[in-house]
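Since the structure comes first, as structure tokens, the remarks are kept for the end.
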Amino acid sequence: MATQSRDAAIVGVYEYPSRDVEGKVNPLQIKAASAAKALADAGLKWSDVDAIYDASEGAPMSGLMISEYFGIKPSVIDTTGVGGSSYEFHAAHALRAIRDGKAKVALLTYGSTAHSSAMAIGAGGRGGGIAPGDNMESFAGQTLIANYAMVARRHMHDYGTTSEQLAEISTATRYHAMRNPEAVQAMNDLEFMNIRETTIEDVVGSRMIADPLHLLECCMVSDGGGAVVIASAEVAKNCAKKPVWILGTGEATKYPQNGADLTSSAGVESAPVAFGEAGVTPAEIDIAMIYDSFSITVLTLLEDLGFCAKGEGGAWVKGGRLRFDESGGPALNTDGGGLSSNHPGMRGIFLLIEAVRQLRGESSSQVNDAKLAVAHGNGGMLGGRHSAGTVILGRD
Amino acid sequence: MAEEQKKVPTRPMPKLTELDTADFWRATKNKEFKYQQCANCQTIVWHPRSHCTGCVDGDLQWKTSKGEGTIYSFSVVRLSYHPFFRSKVPYAVAYVDLDEGPRFLTNVTGVEDPQTDVHIGQRVTLDWEEYEELSIPLVTPV
């Protein structure tokens, strides 16, 4: 079963620290600043990069444009744009390009000013889309949050999941955020009220945004960005930091279909592929970096990733097991997650970055002797058109 | 006229120029909910489009729904920044499974309090909201 290989590793990471840039930098500058820092983290130079990955959120032909902007001449360009999980897809593709001998050093970058540009993401009107499916749905005023809320409502109906159980996700991520100075700064800059560790009662007592999701079950909208450098085993040997190997990857797609089960995501398909390739099981995972756009996203994905059976997530997360200092793990989103640290719209890159910090021993909520991590991105909308990218990471 | 329309925010309206879905929306003017089924492979295709997703030699035929279905899931929106919907909160959005198969997104009308009067599994029937060129298929409890 185990076909685990160590052909490519994450050798450099950087998370842009500011969550409120006040209009002083633009997304491209965030990407460039992050790229330079991630390359420096790896002990590499711009000229080492021969593969560029971009989620094409900026413009058509973004792969060409950003290469010129960075001043690099990559032979591999990949502009897969599938929302917040784009970076898990990029990591998977970079592994394949490196394994095939087409590239040695891959650079992934992300930059967004969603907060300072006042993008109305969560509760804004949908319906700007031009796809035929959008023309059938925009009249109904389903906010993005309501889309996820419909998954939560159905999950509650089918499995008896409660708001108190969902709140475990929010309290665990806040617990971690309070140990991460950048997350605390982010919550201050974004004018969070009562910045402190939260209780289940705090979460279920916060304002309802879209039934059954409360304010403290919804991610922030911040500025931010980051970069990840992935290198071949040969390059990784001589990098500044210890390599974090990409052990397995899986990618999948889902969209609304007649009669489909809303309580499962495309992760049901991506996760077994990734775990199978890595030759490990969810029970062995120390760190779970799971896209926390909302509480229900994590609960659904924990089930889809195989940490527990479908429908058992509510009972499984109870009692604070997702905190970094609790046994029984895994530790969830130890940077504070999208709920309490950083969510500029497409959070997938931070899942890789914090997983690397943990496996290097650099996290602000460090899990003792962390060996294995999973980064799972969900792009698009959990209750609608979405993509799933699972990446299993491990250290030597 | 244009000035006047700006002052009163409206529901986001479907575009009759969108080629895959135009026939559906034209039929709504007569309060008909049309959907497609392939005469070759029997797949029910929703949303409407020009090709069958079940087979590559598809033969899509328009059918008319009886307009009854069941709420699959829903949410009551409490916060919206949209100029029209911000004045409508709280309102219920729902996925409805029509008896013929299509699952569509809509609003639930005719309930006193959407927070207590809307349920998964609830039987609903179409409740058309009429406009000049088309009608919007909302649902109300049977």
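The neighbour count for A/Tyr255 OH, taken as heavy atoms of other residues, nucleotides or ligands under 6.0 Å away, does not exceed 12. Within 6.0 Å of CD in B/Glu129 there are more than 12 heavy atoms belonging to other residues, nucleotides or ligands. The environment of B/Glu112 atom CD is sparse: at most 12 non-hydrogen atoms of other residues, nucleotides or ligands sit within 6.0 angstrom. Within a 6.0 Å radius of CZ in B/Arg103, more than 12 heavy atoms belonging to other residues, nucleotides or ligands are found.
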- Task: Kindly determine whether B/Ile44 and A/Asn258 satisfy side-chain contact (heavy atoms from CB on, under 4.5 Å), including the steps that lead there.
- Result: CA-CA 8 Å; B/Ile44 289 173; A/Asn258 300 333; 3.7 Å; yes

- Begin with the C-alpha distance, continue with both residues' side-chain angles, and end with the deciding distance and a verdict on side-chain contact (heavy atoms from CB on, under 4.5 Å) for B/Trp46 and A/Gln257. CA-CA 8 Å; B/Trp46 182 263; A/Gln257 284 187 290; over 6 Å; no

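Across B/Pro48, B/Ala92, B/Pro90, B/Pro102, the residue that shares the most heavy-atom pairs under 4.5 angstrom with chain A is B/Pro102. Contact count versus chain A (heavy atoms, under 4.5 Å) is highest, among B/Phe104, B/Tyr91, B/Phe84, for B/Tyr91.
Proximity to chain B (any heavy atom under 4.5 Å) is shown, for A/Ala260, by both the backbone and the side chain. Heavy atoms closer than 4.5 Å to chain A are found nowhere in B/Arg49, neither backbone nor side chain. Both the backbone and the side chain of B/Phe74 come within contact range of chain A, each with at least one heavy atom under 4.5 Å from a heavy atom of that chain. For B/Ala94, the part lying under 4.5 angstrom from a heavy atom of chain A is the backbone only. With a 4.5 angstrom heavy-atom cutoff, B/Pro137 touches chain A via backbone and side-chain atoms both. With a 4.5 Å cut-off on non-hydrogen atoms, B/Leu138 touches chain A through its side chain but not through its backbone. Heavy-atom distances place the side chain of B/Phe24, and not its backbone, under 4.5 Å from chain A.
Looking only at distances, a side-chain donor or acceptor of B/Arg11 sits under 3.5 Å from a matching main-chain atom of A/Phe139. Checked by atom type and distance alone, the side chain of A/Arg153 never pairs as donor or acceptor with a backbone atom of B/Ile120 at under 3.5 Å. Without hydrogens or angle criteria, A/Asn135 side chain to B/Glu18 main chain gives no donor-acceptor distance under 3.5 Å. B/Tyr72 contributes no side-chain N or O that, together with a main-chain N or O of A/Gly259, makes up a donor-acceptor pair within less than 3.5 Å. In this structure, B/Tyr95 contributes its side chain and A/Gly383 its backbone to a donor-acceptor pair below 3.5 Å.
A/Ala146 and B/Ser75 get closest at one heavy-atom pair: O-CB, 3.8 Å. Here the closest heavy-atom approach between residue B/Thr21 and residue A/Pro132 is recorded as CG2-O, 3.7 Å.
Rounded to the nearest 0.5 Å, atoms OG (B/Ser73) and NE2 (A/His155) are 11.5 Å apart. Taken from CZ in B/Arg78 to OG1 in A/Thr143, the straight-line distance is 12.0 Å, to the nearest 0.5 Å. One distance of note links NE2 of B/His82 with OG of A/Ser138; it measures 8.5 Å at 0.5 Å rounding.
Taking 4.5 Å as the limit, some side-chain heavy atom of B/Trp25 sits within range of a side-chain heavy atom of A/Met136. Residues A/Met150 and B/Leu105 form a side-chain contact, since some pair of their non-hydrogen atoms from C-beta on lies under 4.5 Å apart.
Chain B is approached within less than 4.5 Å, heavy atom to heavy atom, by A/Arg207, A/Met208, A/Ile209, A/Ala210, A/Asp211 from residues 207-214 of chain A, ordered by number.
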